[in-house]
Amino acid sequence: MATERYNAPAREAHWQQAWRDSNVDAAKADTSLPKCYVLEMFPYPSGRIHVGHSRNYTMGDVFARYKRAKGFNVLHPMGWDAFGMPAENAAMERKVHPGSWTHDNIAAMREQLKAMGFSIDWDREFATCDVTYYAHQQQLFLDLLAEDLAYRKSSKVNWDPVDQTVLANEQVIDGCGWRSGAPVETKELTQWFFRISKYSDELLDALDTLGKWPEKVRLMQANWIGRSQGVAIRWALNSDTAPTDHSELEVYTTRPDTLFGASFLAVAADHPLAIAAAKNNPDLKAFCDECRRMGTSVADIETAEKKGFDTGIKARHPFDPEWELPVWVANFVLMDYGTGAIFACPAGDQRDLDFARKYDLPVKPVILPKGESADTFEISDEAFDGDGTMINSGFLDGLTTTDAFQLAADKLASLHLDGKPVAIRQTNYRLRDWGISRQRYWGCPIPIIHCEDCGSVPVPSADLPVKLPDDHIDFETPGNPLDRHPTWKDVACPSCQKPARRETDTMDTFVDSSWYYVRFTAPHADKPVDGEQAAYWLPVDQYIGGIEHAILHLLYSRFFFRAISDAGQGPAGGKNLREPFAALFTQGMVTHEAYFQPNPAGGKPNWIEPTKVRVEGDGKDRKAVLAETGEAVEIAGIEKMSKSKKNVIDLDDFINNYGADTARWFVLSDSPPERDVLYTDVGVEGARRYVQRVWRLIDDAADKAAPQGSAKPEKIGSEAVILRKATHKALEAVGRHIEGLRFNVAVATLYDFANQFGSALQKADENSPDDLKWALREAGELMTHMIAPMMPHLGEECWARLGYNTLLANQPWPAAEKALLVDDEMTIAVQVNGKRRDELTIGVDASKSDIEAAALALEPVIKALDGKPVKKVIVVPKRIVNVVA
RNA sequence: GCCCCUGUGGCGGAAUCGGUAGACGCGACGGAUUCAAAAUCCGUUUCUCGCAAGGGAGUGCCUGUUCGAGUCAGGCCAGGGGCACCA
């Protein structure tokens with residue numbers, strides 16, 4: 001048969017149709033089967049998919065296909081994280097409805113994902129902007145409200161002046177909005193919160209159980225939660241100096257051991273004591289106002305100087321009532337951490353020291369570092385916050401820092417002020433409650449009605465969903481279109497029936513993505529969560545997504561899953577399941593060189609598509625020019641593929657040129673999956689060559705090998721055994737590497753096997769013995785199985801070429817024959833004094849003494865020994881012999 | 001400032017446990033096939049000394065543990081990431 005090139009684009013469409021016709025991608029309803037839930041973080045429907053996006057879906061798909069072949073009931077769904085700002089921006093720019101823009105994008109992207117041949121159970125697809133999804137989310141909100149896990153309060157919020165909306169702490173990156181990039185301001189607003197702080201301890205402690213999560217992500221979450229163990233100390237105030245109603249001041253500290261080094265106390269500008277003291281002190285009031293203004297921009301904080309104002313109030317030291325310390329207002333003390341007040345030990349804290357030096361407050365060292373002498377040790381302009389021995393500290397003198405902590409804390413607890421202990425141990429967290437109100441149209445409405453008499457009244461479940469209005473949506477003016485809608489917010493109070501007003505805030509879109517993986521287990525259920533289905537499918541066995549969600553989405557999901565479980569919407573059957581994602585894999589990005597021309601008017605550069613650029617020369621002389629005009633273009637370097645830098649490769653173009661299997665193979669090749677992979681034309685060529693090569697090999701094998709269904713010959717000659725060993729070793733290795741998500745190594749194994757299979761095929765012809773022909777068929781069939789998870793279309797094509805009329809997608813993963821994985825002989829390196837001198841090939845069952853004798857007889861070994869007596873011989877079978885002389 | 005990760009040929013990278021460093025791919029060089037080209041196939045390719053046989057060095061740098069270190073420990077250097085007034 002004449003070898004033709006494999007026409008990937010045409011054949012891929014054919015096989016995709018065949019899979020659809022046989023419904024191979026649907027999860028089975030039988031809950032007695034072992035299950036495997038494979039999930040990639042669902043995409044935001046931004047427009048079109050590029051090669052960069054396709055990488056994590058490809059990884060998930062390889063894993064899902066492999067697990068299905070291994071006999072698991074696989075759930076591999078796909079949906080759309082469809083609410084959010086870009087739809088509103090598009091609406092503004094193009095005068096289209098955010099919903100129609102979103103749905104158009106979804107339609108286009110769905111076709112692209114299908115063209116990649118991903119084995120997705122499309123019957124379970126949904127978008128978070130579907131009423132059938134967000135209606136259930138509103139019910140979950142009500143459930144959380146009933147459990148006091150959702151509440152409303154007035155607080156300072158991060159305000160994005162460009163997007164005109166509130167941001168959660170997690171959404172502020174370097175003081176700027178995570179989406180708009182605009183510097184965030186502070187604003188006082190009443191809004192809805194989820195009580196994530198209730199789960200601080202659990203979310204932190206359970207990180208230890210997530211063995212299949214990257215260490216890095218667990219660490220980032222632990223830091224984010226930021227638990228600290230300390231002591232809350234109440235200081236008595238000198239009543240002659242304190243405002244009325246303020247007889248004490250509570251401070252939080254993690255270092256009670258340094259109490260004898262205290263120099264002053266400081267409170268935040270918003271602290272009640274500061275406000276009370278400012279009443280009769282205009283200068284102090286002016287200072288407090290200044291502090292508040294400074295806080296408006298996070299960027300200012302970084303450069304802000306430490307500033308303070310002495311209130312004139314005196315506090316009595318808990319260990320010595322005669323010892324009075326001044327109470328200051330300081331701009332570096334935060335109201336919303338601990339008690340909003342601190343005691344300062346300048347010798348042990350850099351900020352306190354800077355402050356003390358500036359305002360000439362006392363600095364007394366209390367901890368002596370190791371190797372220093374108490375007589376000579378001094379603090380100049382660097383505080384010492386390490387461990388050491390206590391000095392100048394009364395009853396703590398001579399103790400270690402750790403012991404001093406305990407003793408000081410115990411002593412404080414035994415002292416009393418107004419009949420209560422002076423101090424209690426306290427745990428504090430960096431983690432704040434999650435503010436979920438967003439002043440946007442394109443989000444899930446918060447199901448609340450505000451009534452003048454009844455307050456905030458939940459919308460009764462029977463009245464759900466609260467649907468977004470489709471008409472009278474005005475995006476021309478900044479702010480929330482729901483707020484400006486002529487009728488939508490006018491509604492009767494469910495409680496007293498009087499005219500009332502709907503809540504016009506919508507939920508943060510991270511709420512949508514906090515439970516979509518639960519919904520996938522029963523996407524058509526008439527309640528938010530089908531407990532039975534959730535109990536069967538959850539947790540997600542393999543979750544794949546970008547490291548950028550290490551905190552935001554993953555922490556929210558871990559919280560929300562617990563919260564809805566505790567509110568009665570969790571998995572059924574007493575399954576004590578707290579973590580939604582058993583294994584997490586964070587994949588790297590696809591990068592591509594980016595080019596630009598500086599904008600003559602200043603500001604953002606003018607990015608240019610790589611296809612319009614011609615690159616000349618190499619090394620230092622490498623230059624880029626516009627292909628058409630020859631105009632010079634700047635090379636920006638390797639950047640993550642992104643629309644804004646125009647360095648994307650559109651998936652449709654790619655598939656039309658090369659086919660989906662080439663795209664899949666390319667994004668898996670070379671780079672380890674957790675690292676970035678660089679898109680290059682030569683890299684793609686390499687992948688395309690391999691696709692054709694596999695096809696030629698199978699095509700050739702189909703002609704030369706034994707016919708399909710041939711019985712295994714009685715005797716297998718040595719040549720055939722060599723091929724069989726290579727085949728089965730590759731089979732075992734490919735499976736192991738896919739299981740471990742080491743796709744680049746699985747790919748390398750297959751390249752290697754193609755080389756071996758290729759040379760065996762080249763030597764074979766119609767006169768080859770039957771046993772070799774049989775081994776060639778086995779090699780061809782097993783290779784087809786091996787490439788199939790990565791290149792499923794080519795797999796089907798080869799399977800058909802090998803004479804089958806079944807679908808490879810329905811075939812089980814073949815088991816490697818154990819006997820073929822071990823060799824009869826082993827090759828061992830022989831070292832003399834740790835230096836490799838020769839190697840030794842010997843039977844696998846050779847004893848240690850046999851190996852030793854054989855090694856010592858080797859010519860290079862004798863030569864290297866040069867007559868020196870052998871002191872010792874280390875023999876590690878299958879690995880090494882080391883002769884020590 | 002604090003916390004974390006990563007450093008291997010010209011390049012991407014491989015190397016269960018401490019046991020032959022450089023698998024596999026890309027690029028480069030040489031060859032076969034061809035009227036020629038494309039495509040394909042075969043070979044060489046860590047550096048260095050040597051015609052060769054063979055020798056020496058080598059996983060960012062320096063110490064150490066070990067019969068043996070890319071892998072373990074300590075100290076540096078470089079790059080990347082996270083947090084950042086958190087008391």
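Proteins come first, then strands; the chains are lettered A, B, ... in the order of their sequence lines, and each starts at number 1.
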So for A:K871 and B:C67, does any side-chain atom that can act as donor or acceptor lie under 3.5 Å from a complementary atom in the base? no
For A:L858, does its backbone N or O pair with a side-chain atom of A:R837 as donor and acceptor, under 3.5 Å? no
Output yes when a side-chain donor or acceptor of A:S263 lies under 3.5 Å from a complementary backbone atom of A:P362, and no otherwise. yes
Relative to A:W224, does A:R430 satisfy both conditions: NZ or CZ under 6.0 angstrom from the six-membered ring centre, and within 45 degrees of the ring's axis? yes
With a 4.0 Å cut-off on heavy atoms, is [X] in touch with a base, just the backbone sugar-phosphate, or nothing at all?
X      : value
A:Q762 : sugar-phosphate
A:T827 : base
A:S671 : sugar-phosphate

Take atom [atom1] in [N] and the same atom in [M], then report the distance between them in whole Å.
N     : M     : atom1 : result
B:C26 : B:U33 : C1'   : 24 Å
B:C4  : B:G22 : C1'   : 29 Å
B:C24 : B:U45 : P     : 12 Å
B:G74 : B:C3  : P     : 14 Å
B:U16 : B:A21 : P     : 14 Å
B:C77 : B:C61 : C1'   : 7 Å

Of the options A:V677, A:T591, A:D676, A:V590, which is the one that meets A:S671 in a side chain to side chain contact (heavy atoms under 4.5 Å, CB included)? A:V677
Selected nucleotide, minimal atom distance to [X] side chain, candidates [options]:
X      : options             : value
A:R742 : B:C42, B:C86, B:A15 : B:A15
A:R430 : B:A15, B:C3, B:C86  : B:C86
A:R675 : B:G13, B:U16, B:U20 : B:G13

Can you tell me the pairing partner of [N] across any strand shown, Watson-Crick or G-U wobble, with both distances under 3.5 angstrom?
N     : value
B:A53 : none
B:A32 : B:U40
B:U65 : none
B:U6  : B:A78
B:G18 : none
B:A84 : none
B:U59 : none

Any side-chain donor paired with an acceptor under 3.5 Å for [X] and [Y]?
X      : Y      : value
A:T427 : A:Q229 : yes
A:Y751 : A:S669 : no
A:Q221 : A:N223 : no
A:D699 : A:Y6   : no
A:D433 : A:S197 : yes

For [X] and [N], give me the distance from atom [atom1] to atom [atom2], rounded to whole Å.
X      : N     : atom1 : atom2 : result
A:L431 : B:C83 : CG    : C1'   : 14 Å
A:K216 : B:C83 : NZ    : P     : 11 Å
A:Q350 : B:A87 : CD    : P     : 15 Å
A:R688 : B:A38 : CZ    : P     : 14 Å
A:D354 : B:G1  : CG    : C1'   : 11 Å
A:F666 : B:G12 : CZ    : C1'   : 10 Å
A:F743 : B:G13 : CZ    : C1'   : 17 Å
A:H549 : B:G82 : NE2   : P     : 14 Å

Any A:R836 side-chain nitrogen or oxygen under 4.0 Å from OP1 or OP2 of B:G19: no
Within the pair A:R218 and B:C4, is there a side-chain N or O less than 4.0 Å away from OP1 or OP2? no
Per nearest nucleotide of RNA chain B, the residue lying toward the 5' end, A:G834 or A:Y429, is A:G834
Of A:P672 and A:S228, whose nearest nucleotide on RNA chain B comes first from the 5' end? A:P672
Check residues 346-353 of chain A and write down every donor-acceptor pair under 3.5 Å in which the side-chain atom is one partner and the other belongs to a residue at least two apart or another chain.
unit_1	atom_1	unit_2	atom_2	d
A:D349	OD1	A:R351	N	2.9
A:D349	OD1	A:R351	NE	3.4
A:D349	OD1	A:D352	N	3.1
A:D349	OD2	A:R351	NH2	2.9
A:Q350	OE1	A:A383	N	3.0
A:Q350	NE2	A:D354	OD1	3.2
A:Q350	NE2	A:D381	O	3.2
A:D352	OD2	A:C345	N	3.2

Taking the six-membered ring for Trp and the full ring for Phe, Tyr or His, determine whether the centres of [X] and [Y] are under 6.0 Å apart.
X      : Y      : answer
A:F355 : A:W328 : yes
A:Y359 : A:F264 : no
A:Y690 : A:W665 : yes

B:G9: syn or anti, per glycosidic angle within 90° of 0: syn
Where does B:C83 land, syn or anti, given syn is within 90° of 0? anti
Run A:E732 and A:K818 through salt bridge (Lys or Arg N to Asp or Glu O under 4.0 Å) and show every step you take. CA-CA 9 Å; A:E732 185 278 330; A:K818 287 222 170 72; over 6 Å; no
For RNA chain B, the residues among residues 332-343 of chain A that have a non-hydrogen atom under 4.0 Å from it: A:F332, A:V333, A:L334, A:Y337, A:I342
Within residues 875-885 of chain A, find the residues that approach RNA chain B with a heavy atom at under 4.0 Å, and present them sorted by residue number. A:V876, A:R879, A:I880, A:N882, A:V884
With sequence neighbours left out, the residues meeting salt bridge (Lys or Arg N to Asp or Glu O under 4.0 Å) with A:R432 are A:D336
side-chain contact (heavy atoms from CB on, under 4.5 Å) assessment of A:L865 paired with A:V832: CA-CA 7 Å; A:L865 281 172; A:V832 176; 4.0 Å; yes
For a quick check, with a 4.0 angstrom heavy-atom cut-off, what is the B/S/- contact string for nucleotides 22-32 of chain B, read 5' to 3'? -BSSSS-----
A:I225 and A:L555: CA distance, side-chain angles, deciding distance, side-chain contact (heavy atoms from CB on, under 4.5 Å) verdict: CA-CA 10 Å; A:I225 295 166; A:L555 189 61; 4.3 Å; yes
With the criterion being N/O to N/O and under 3.5 Å, what pairs connect the protein with nucleotides 55-64 of chain B, and how long is each?
unit_1	atom_1	unit_2	atom_2	d
B:A57	OP2	A:K835	NZ	2.9

